[in-house]
Amino acid sequence: MAVKTCRRYEDFSVITRNSSLQALADNNEQLSNDNIEHLMQACDSFSTFADVNSALAHIAADPTIQAVIFSNRTTTMVSNSVLRFKDRSPHASVLHDIVTVDEVQQYKPSKASYEHLDNPRPIAYGQTLAD
């Protein structure tokens, strides 16, 4: 199942699960519910790219930079990725905030998602940044 439009919002963890289930079905494979949960947890344990640690060290050394994570993933998914794993957690203090599209319920590259990055504030369901 692919996200075909920025106007249709579904929690990214649901999309990840559904995509995984579809990939399994396309290959005539099945997993138990426990294994599916393990697979979902594994999505939070991907390693960072080789240049991430040095880039975050440079960012930490520059007090004029306010680094945030901006993601289509849910706040929980991003938090788990950043805080739970050793290769990322030493740099968690460099990151000032996690900004996700959950609040605006529109995926990047929608205009609303980038406006939200510029002004991250809680938005009630159905409300827009202009409200």
Side-chain donor/acceptor of Lys108 to backbone N/O of Val101, under 3.5 Å: no

Under 3.5 Å side-chain donor-acceptor pair for Ser32 and Asp34: no

Side-chain donor-acceptor contact under 3.5 Å, Ser79 with Thr76: no

N/O donor-acceptor pair under 3.5 Å between Ser113 side chain and Ser110 backbone: yes

Sequence neighbours excluded, every pair satisfying salt bridge (Lys or Arg N to Asp or Glu O under 4.0 Å) that has a member inside residues 48-76: Asp44-Arg73

ILVMFWY cluster, Val94 and Ile98 together (side-chain gap under 4.5 Å): yes

Spacing of NE2 belonging to His38 relative to CG belonging to Asn33, to within rounding of 0.5 Å: 14.5 Å

Same cluster (ILVMFWY, side-chain, under 4.5 Å), Val14 and Ile36: no

ILVMFWY network linking Leu21 to Phe12, side-chain heavy atoms under 4.5 angstrom: no

Side-chain H-bond candidate by donor/acceptor type, Ser13 with Thr74, under 3.5 Å: no

From Asp97 atom CG to Ile69 atom CD1, the distance as rounded to the nearest 0.5 Å: 9.5 Å

Asn35 (side chain) donor-acceptor with Leu31 (main chain) under 3.5 angstrom: no

Check: Asn72 side chain, Tyr107 main-chain N or O, donor-acceptor pair, under 3.5 Å: no

Inter- and intrachain pairs under salt bridge (Lys or Arg N to Asp or Glu O under 4.0 Å), touching residues 16-26, at least two apart: Arg17-Glu37

Residues in side chain to side chain contact (heavy atoms under 4.5 Å, CB included) contact with Gln30, at least two apart in sequence or another chain: none

Separation between OG1 of Thr100 and CG of Leu117, rounded to the nearest 0.5 Å: 11.0 Å

Approximate separation, where rounding is to 0.5 Å, of Gln105 CD and His116 NE2: 11.0 Å

Contact summary for Cys43 and Ser81, nearest pair of heavy atoms: O-OG, 4.5 Å

Cluster overlap Met77 with Tyr9, hydrophobic side-chain contacts below 4.5 Å: yes

